[in-house]
Amino acid sequence: MASLNVGNLGEYLREQRRNAQLSLRQLADAAGVSNPYLSQIERGLRKPSAEVLQQVAKALRISAETLYVRAGILDAERDRDDVETRAVLLADPSLNERQKQVLLQIYESFRKENGFGTDADDAGGADDAARYEDATAGGTAGVAASIPGLDPRTTGGGDAGPQQTAG
């Protein structure tokens with residue numbers, strides 16, 4: 001089993017907490033852990049469990065997988081780029097939750113197409129890949145139409161620019 005790198009984890013948690021503009025106390029309350037315990041994690045004095053990391057990740061609205069990798073619970077080499085890409089998408093404050101999920105679905109479609117699907121990706125099944133293949137023929141509107149809950153009219157239409165009329 002990999003050794004825990006809690007110093008790196010603590011620095012990362014502190015950075016994410018500050019980016020989220022949360023005080024230590026606010027994050028502790030949101031995650032359901034004690035303020036002193038969270039402080040010790042941030043300072044690298046405690047080794048949190050996967051459950052605590054999951055609670056903190058949820059409170060920070062970041063990927064729990066990212067914290068698991070930082071803590072050494074998951075193999076850092078296993079899909080590190082994938083985990084980091086997901087974390088960046090999920091942490092982007094300029095996107096709403098629906099937009100983040102749509103981007104993740106599109107990202108997964110591309111990974112599957114290139115042969116990099118993971119076990120977690122298989123939850124959507126083969127029809128995700130089929131929807132992607134059917135949709136890519138229609139440009140961005142086709143991709144948007146293939147994703148449940150996404151209105152293609154809000155994605156800017158197809159690949160062509162807006163229609164112009166002579167005036």
Side-chain angles (χ1 to χ4, degrees), residues 1-114 116-125 128-129 131-132 140 143-144 146-151 154-156:
M1 181 171 154
S3 63
L4 295 178
N5 188 355
V6 286
N8 185 25
L9 172 66
E11 292 169 14
Y12 181 75
L13 281 176
R14 181 177 293 119
E15 178 183 328
Q16 293 303 308
R17 178 176 57 79
R18 288 179 177 161
N19 287 343
Q21 298 179 343
L22 293 172
S23 70
L24 191 63
R25 186 174 307 278
Q26 288 171 322
L27 178 57
D29 288 344
V33 298
S34 74
N35 188 34
Y37 182 62
L38 185 58
S39 174
Q40 291 172 344
I41 293 170
E42 280 194 1
R43 290 182 287 143
L45 302 175
R46 290 282 185 165
K47 298 176 182 178
S49 67
E51 182 179 327
V52 168
L53 289 175
Q54 184 177 20
Q55 291 170 256
V56 170
K58 185 176 180 182
L60 286 171
R61 302 182 79 165
I62 62 175
S63 166
E65 287 180 335
T66 302
L67 295 184
Y68 297 157
V69 168
R70 296 250 177 197
I73 294 171
L74 285 180
D75 183 5
E77 297 305 314
R78 182 192 141 250
D79 295 329
R80 172 172 235 142
D81 290 339
D82 177 46
V83 170
E84 289 177 357
T85 300
R86 289 171 188 267
V88 167
L89 288 174
L90 291 171
D92 189 333
S94 66
L95 301 174
N96 65 40
E97 289 305 310
R98 181 187 63 84
Q99 292 167 331
K100 291 175 184 180
Q101 292 307 312
V102 168
L103 280 173
L104 286 173
Q105 289 174 348
I106 292 169
Y107 173 69
E108 289 308 320
S109 294
F110 284 131
R111 285 184 51 82
K112 286 179 185 176
E113 178 184 344
N114 295 331
F116 290 101
T118 63
D119 292 342
D121 299 337
D122 292 338
D128 281 346
R131 276 201 310 264
Y132 166 75
T140 56
V143 172
S146 73
I147 299 172
L150 180 63
D151 184 351
T154 64
T155 61

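Please read all numbers here as calculations on a predicted model, not as lab measurements.
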Hey, could you give me the [atom1]/[atom2] distance between [X] and [Y], rounded to the nearest 0.5 Å?
{"X": "T85", "Y": "Y107", "atom1": "OG1", "atom2": "OH", "answer": "4.0 Å"}
{"X": "I106", "Y": "Q101", "atom1": "CD1", "atom2": "CD", "answer": "11.5 Å"}
{"X": "L45", "Y": "S39", "atom1": "CG", "atom2": "OG", "answer": "8.0 Å"}
{"X": "L90", "Y": "K100", "atom1": "CG", "atom2": "NZ", "answer": "6.5 Å"}
{"X": "L103", "Y": "D92", "atom1": "CG", "atom2": "CG", "answer": "8.5 Å"}

Q40 and R46: which non-hydrogen atoms are nearest, and at how many Å?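 It is OE1-NE, 2.8 Å.
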Solution key, residues 50-62 side-chain donor-acceptor pairs under 3.5 Å, sequence neighbours excluded:
from	atom 1	to	atom 2	distance (Å)
Q55	NE2	A31	O	2.7
R61	NH2	E97	OE2	2.4

Test item: [X] and [Y] side chains (from C-beta on) under 4.5 Å apart, heavy atoms:
{"X": "L9", "Y": "L13", "answer": "yes"}
{"X": "R14", "Y": "R43", "answer": "yes"}
{"X": "Y37", "Y": "P48", "answer": "yes"}

Mind jotting down which residue pairs meet the salt bridge (charged side-chain N to carboxylate O under 4.0 Å, His left out) criterion with at least one end in residues 15-29? Sequence neighbours excluded, please.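 Only R17-E42 qualify under salt bridge (charged side-chain N to carboxylate O under 4.0 Å, His left out).
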